[in-house]
Amino acid sequence: MTEADRAAVAERSAAWQRALEARDVAGIDDFLDPDYALVLVHPARVTVPRAEWLRMLPDYVVHSWTVSECVVDVAGDLAMVLQAGEQHATVLGGDRSGRFVVSDCWRRAPDGAWRVWRRHSTPLSASELPRAFDPA
């Protein structure tokens, strides 16, 4: 792991968090791998593919996100950002507040940019994630 790669991933991760909190659907696109998905295994197994996640983003209101621990590791073209934090949020009108452990797997794209391939989110004290289904 080079310190430059670690710093680049940490910077991209912070910028992605800002775009997420701003609910900037157009701007956040550059942070996502084409095969991005949000994956949860607790309290129920859920995979939210990229298109559904982007549709849900305008209704995912993060009132606050406070990180208590963050670890960034890089190996070649793969990076992991592991965070523990407290979130106060509303998703599709439902409360999504609580303590979370979030693991983001980043891949370096052919253009050299780091993009999130998978986000694994484990709520330690939050309720089940609401879903936005599009019948189309």
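As the structure is a prediction and not an experimental result, all values here were calculated from the model. When a residue number appears, it is its place in the shown sequence, counting from 1.
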Between D5 and R108, does any side-chain N to carboxylate O distance fall below 4.0 Å?
yes
Just by distance, do the side chain of R50 and the backbone of D33 share a donor-acceptor pair under 3.5 Å?
yes
L20 side chain reached by W65 side chain, heavy atoms, under 4.5 Å
no
So which atom in Q83 and which in S13 form the shortest heavy-atom distance, rounded to 0.1 Å?
NE2-OG, 4.2 Å
Do M80 and S103 have side chains that approach each other closer than 4.5 Å (heavy atoms only, starting at C-beta)?
yes
Looking at R12 and D30, does any basic side-chain N land under 4.0 Å from a carboxylate oxygen?
yes
Kindly say whether A84 contributes a backbone atom to a donor-acceptor pair with the side chain of S68 at under 3.5 angstrom?
yes
Given side-chain contact (heavy atoms from CB on, under 4.5 Å), test L57 with I28 step by step and report yes or no.
CA-CA 10 Å; L57 184 59; I28 212 161; 3.9 Å; yes
What's the separation between atom OG1 in T90 and atom CZ in R96, rounded to the nearest 0.5 Å?
12.0 Å
State yes or no: do V67 and V72 share one hydrophobic cluster built from I, L, V, M, F, W and Y residues joined by side-chain heavy-atom distances below 4.5 Å, directly or via other members?
yes
Give the cluster check for L40 versus V116: same hydrophobic cluster or not, with ILVMFWY residues linked at side-chain heavy-atom distances below 4.5 Å.
yes
So that I can tick it off, tell me whether D24 and R18 are bridged by a salt bridge, with the cut-off set at under 4.0 angstrom between side-chain N and carboxylate O.
no
Applying a strict under-4.5 Å side-chain criterion to I, L, V, M, F, W and Y, I'd like to know whether L92 and Y60 cluster together.
yes
Run R55 and E52 through salt bridge (charged side-chain N to carboxylate O under 4.0 Å, His left out) and show every step you take.
CA-CA 5 Å; R55 279 193 310 272; E52 180 183 349; 5.0 Å; no
Can you tell me how far apart OG (S121) and CG (L38) are? Round to the nearest 0.5 Å.
6.0 Å
Using only atom types and a distance under 3.5 Å, with no angle test, would you say the side chain of S97 pairs donor to acceptor with the backbone of A89?
yes
Once you round to the nearest 0.5 Å, how far does OG1 of T122 lie from CZ of F100?
9.5 Å
For H88, all residues meeting ring pair (Phe, Tyr, Trp, His ring centres under 6.0 Å), sequence neighbours excluded
H63
About how many Å separate CG of L124 and CD of Q87, when rounded to the nearest 0.5 Å?
11.5 Å
Among all residues two or more places apart in sequence or in another chain, which pass the salt bridge (charged side-chain N to carboxylate O under 4.0 Å, His left out) test with R118?
D35
Spacing of D73 atom CG and L82 atom CG [to the nearest 0.5 Å]
6.5 Å
So which heavy atom on G76 is nearest to which on W114, and how close?
O-CH2, 3.6 Å
Should V91 and M56 be marked as a side-chain contact (heavy atoms from CB on, under 4.5 Å) after you check the CA-CA gap, both sets of side-chain angles, and the distance that decides it?
CA-CA 8 Å; V91 179; M56 187 170 55; 4.0 Å; yes
Does the ring center of W53 lie less than 6.0 Å from the ring center of Y36?
yes
Distance, nearest 0.5 Å, that separates CG of L32 from CH2 of W16
6.5 Å
Test V81 against C70 for side-chain contact (heavy atoms from CB on, under 4.5 Å), laying out the working first.
CA-CA 7 Å; V81 177; C70 182; 4.0 Å; yes
Ring-plane angle category for F31 and W106, please: parallel below 30°, perpendicular beyond 60°, tilted otherwise.
perpendicular
Do L54 and V61 belong to the same hydrophobic cluster, where Ile, Leu, Val, Met, Phe, Trp and Tyr are linked whenever their side-chain heavy atoms lie under 4.5 Å apart, directly or via other members?
no
